[in-house]
Number of protein chains: 2
Amino acid sequence: MSKTVGIIGLGLLGGSLAKALKAYTDYEVVGYARRQEVCDAAIQDGVVKAAWTEVEPLIENSDIVVFSLPPDTNARLFTETAHLFRPGQVVTDVSSAKENFVRAVYSSIPKGTIFVSVHPMAGSEKGGYEVSHKNLFKGMGWIVLEDKASDVYSEEVAQELAEMGRAVGSRIEFVDIYAHDAYLAMVSHMPHLLASILTQVSGGDELGELRMKLSAGGFRDCTRVAGGLPSMWREIIYGNRHNVIEGLSQIEFEIQRVKEILSQEDEGQSLETYLERSREIRGKLPYLTGQIKNS
Amino acid sequence: MSKTVGIIGLGLLGGSLAKALKAYTDYEVVGYARRQEVCDAAIQDGVVKAAWTEVEPLIENSDIVVFSLPPDTNARLFTETAHLFRPGQVVTDVSSAKENFVRAVYSSIPKGTIFVSVHPMAGSEKGGYEVSHKNLFKGMGWIVLEDKASDVYSEEVAQELAEMGRAVGSRIEFVDIYAHDAYLAMVSHMPHLLASILTQVSGGDELGELRMKLSAGGFRDCTRVAGGLPSMWREIIYGNRHNVIEGLSQIEFEIQRVKEILSQEDEGQSLETYLERSREIRGKLPYLTGQIKNS
């Protein structure tokens with residue numbers, strides 16, 4: 001009989017994973033949500049077999065437990081419930097910053113319980129079960145975090161979770177768990193802050209309102225992520241702040257370089273070369289090259 | 001009988017303006033393009049009554065001449081052809097950076113010829129007549145640049161060009177011509193460079209290719225404009241570089257502020273406040289609030 005996946009948190013990611021597993025795999029799915037309405041909605045939608053506003057029954061009834069709450073919340077909740085996990089049971093999570101959750105798991109996971117972390121690179125500036133959908137993962141990256149040195153890690157489970165990613169339409173990447181947060185700081189967390197910074201510099205002062213009227217599609221897209229949920233991004237970015245600060249320092253260094261380029265009396269030739277280089281790098285983004293579907 | 005608008009340059013902006021004027025106004029439209037194929041295509045599409053690979057006949061046959069080439073090219077071309085303009089004839093342009101073109105016009109415009117500059121805030125990272133379309137201006141801003149002190153400026157013509165913008169579906173903003181480039185540096189040119197900078201910092205080193213694989217929709221959108229035509233953006237940004245450098249300096253200052261926020265031992269409370277503020281500012285973008293159609 002098919003395994004049961006228990007998803008803790010039925011927001012955008014958890015809800016979408018539940019819907020995708022239901023639609024594209026044989027897994028049984030059960031869920032936990034803080035609010036009863038969300039549990040009811042998920043049951044009514046036929047997305048989960050059962051849903052609870054407590055985590056105990058979910059852990060009790062699941063072979064694979066997926067923590068889908070914000071990173072620090074996941075960490076706190078795991079620490080509280082670690083004693084409930086059984087040998088052979090699988091713990092995973094889908095958050096975008098791993099450091100705090102991984103520390104919590106390694107410090108209190110029971111002997112024999114397996115932990116392999118996963119990061120589906122999908123999201124939206126909107127959150128909540130209402131906006132979750134079964135195709136959120138289609139064409140996006142699905143990172144399986146490797147920690148071969150750890151005895152709670154299982155190569156077999158890593159392969160099973162990779163297969164789960166493929167089943168919901170993602171392209172799989174295996175990344176070392178300790179390198180993951182540094183990479184994500186550079187492609188997600190620091191960019192998110194840059195969008196917020198750009199928004200405040202351009203729109204935050206007394207001329208901001210007029211400037212916003214004078215902005216267009218470029219500004220809209222550059223700053224889209226700044227519309228994300230502050231409470232969630234606070235946990236992601238703050239939990240990875242050392243890498244994020246390093247990323248911001250690299251941006252500062254590069255801004256200096258660009259200011260020098262702009263100061264050259266070469267009619268913009270060096271600037272054009274710089275823009276060419278950026279365009280070339282961006283042109284290789286896997287989800288633009290048709291190598292995979294752009295979402 | 002209806003006036004004739006002559007559009008110099010039938011690329012994304014010029015071509016779209018030609019198509020929009022044809023579709024939504026009574027103006028006759030004629031065009032200039034460097035390449036004969038583009039002239040032929042525009043005639044075949046019924047977008048222009050006539051099109052030439054020389055500007056002389058266009059100036060000869062137009063009541064309103066719209067310079068739609070990159071800013072410095074517009075400036076060079078105007079200087080070469082200024083002597084051809086007649087009293088009462090109207091010169092305008094649609095570029096995103098005004099300083100160089102305005103200087104060229106004011107230094108050589110014949111007595112009696114009228115100049116009112118316009119900036120339709122529409123664009124795309126793609127260029128060329130092939131991608132131009134009649135609805136490019138729908139719901140976007142259309143800035144009419146005021147220079148009431150100048151004797152080549154005409155309030156009546158400014159109103160006519162504003163009406164032209166309304167006719168093609170834009171919302172009109174009147175902005176002082178000398179303030180324009182500073183505003184645009186902050187909402188368009190500096191953000192464009194930030195996207196290029198982010199692309200190179202995240203994707204330009206030996207780990208860049210892996211990082212790009214780990215990036216997702218947020219990174220894609222933050223960097224979209226970095227896919228823009230380097231030769232065009234070189235002219236726009238370099239022509240406005242003093243304002244752009246000022247914008248980059250403000251970003252540097254704000255990055256320092258954010259690094260301090262990240263360094264506070266407050267579990268991210270100040271970070272959340274910062275993100276809230278950015279989200280609030282961005283939420284007021286006129287083309288997001290439903291105040292006008294999002295493009």
Side-chain angles (χ1 to χ4, degrees), chain A residues 121 140-141 143 173 183 186-188 191 193-204 211-227 230-231 233-234 237-238 241 244-245 248 250-252 254-255 258-259 262 268 271-272 275-276 278-279 281-282 284-286 295, chain B residues 121 140-141 143 173 183 186-188 191 193-204 211-227 230-231 233-234 237-238 241 244-245 248 250-252 254-255 258-259 262 268 271-272 275-276 278-279 281-282 284-286 295:
Chain A
M121 285 174 306
M140 303 309 287
I143 309 175
E173 304 286 347
Y183 291 136
M186 297 302 282
V187 297
S188 172
L193 276 182
L194 264 194
S196 301
I197 285 167
L198 173 58
T199 301
Q200 294 210 27
V201 166
S202 305
R211 284 202 210 91
M212 294 301 92
K213 280 193 204 153
L214 303 183
S215 72
F219 187 83
R220 179 194 64 220
D221 293 351
C222 285
T223 60
R224 179 180 64 78
V225 292
S231 55
W233 282 94
R234 163 200 183 160
I237 294 171
Y238 194 80
R241 61 184 166 147
V244 171
I245 287 171
L248 288 173
Q250 292 187 38
I251 293 288
E252 288 178 294
E254 191 72 7
I255 287 176
V258 167
K259 284 165 96 177
L262 290 171
L271 174 62
E272 183 167 344
L275 296 174
E276 287 282 8
S278 299
R279 189 187 197 208
I281 294 166
R282 188 176 184 281
K284 294 206 204 100
L285 284 176
S295 80
Chain B
M121 286 176 305
M140 303 310 286
I143 310 175
E173 304 286 345
Y183 291 136
M186 297 302 281
V187 298
S188 172
L193 276 181
L194 265 194
S196 302
I197 285 167
L198 173 58
T199 301
Q200 294 210 26
V201 166
S202 306
R211 284 201 211 93
M212 294 301 92
K213 280 193 204 152
L214 302 183
S215 72
F219 187 84
R220 178 193 63 220
D221 292 351
C222 285
T223 59
R224 178 179 65 79
V225 293
S231 56
W233 281 96
R234 163 198 183 161
I237 293 171
Y238 194 80
R241 60 183 166 148
V244 171
I245 287 170
L248 288 173
Q250 291 187 39
I251 293 288
E252 287 178 295
E254 191 71 7
I255 288 177
V258 167
K259 283 165 97 178
L262 289 172
L271 174 62
E272 183 167 344
L275 296 174
E276 286 282 9
S278 300
R279 189 186 196 208
I281 294 166
R282 187 175 185 280
K284 294 207 203 100
L285 285 176
S295 79

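First the proteins, then the strands, lettered A, B, ... as listed; each starts at 1. Quantities reported herein were computed from a predicted structural model and do not represent experimental measurements.
- Most heavy-atom pairs under 4.5 Å with chain A: of the set K259(B), Q250(B), Q200(B), E252(B), this distinction falls to Q200(B).
- No side-chain donor-acceptor contact under 3.5 Å links R282(B) and T199(A).
- A donor atom on one side chain and an acceptor atom on the other are not found under 3.5 Å apart for R211(B) and S202(B).
- By number of non-hydrogen pairs under 4.5 angstrom with chain A, the leading residue of L214(B), L198(B), I251(B) is L214(B).
- Taking the side chain to side chain contact (heavy atoms under 4.5 Å, CB included) definition, one finds that E272(B) meets it with P230(A), S231(A), R234(A), Q269(B), E276(B), sequence neighbours left out.
- Heavy atoms closer than 4.5 Å to chain A are found in the side chain of E173(B), but not in its backbone.
- With a 4.5 Å cut-off on non-hydrogen atoms, S196(A) touches chain B through its backbone and its side chain both.
- Scored by the side chain to side chain contact (heavy atoms under 4.5 Å, CB included) test, L262(A) finds V258(A), L271(A), L193(B), I237(B), R241(B), V244(B), I245(B), L248(B) as partners (sequence neighbours excluded).
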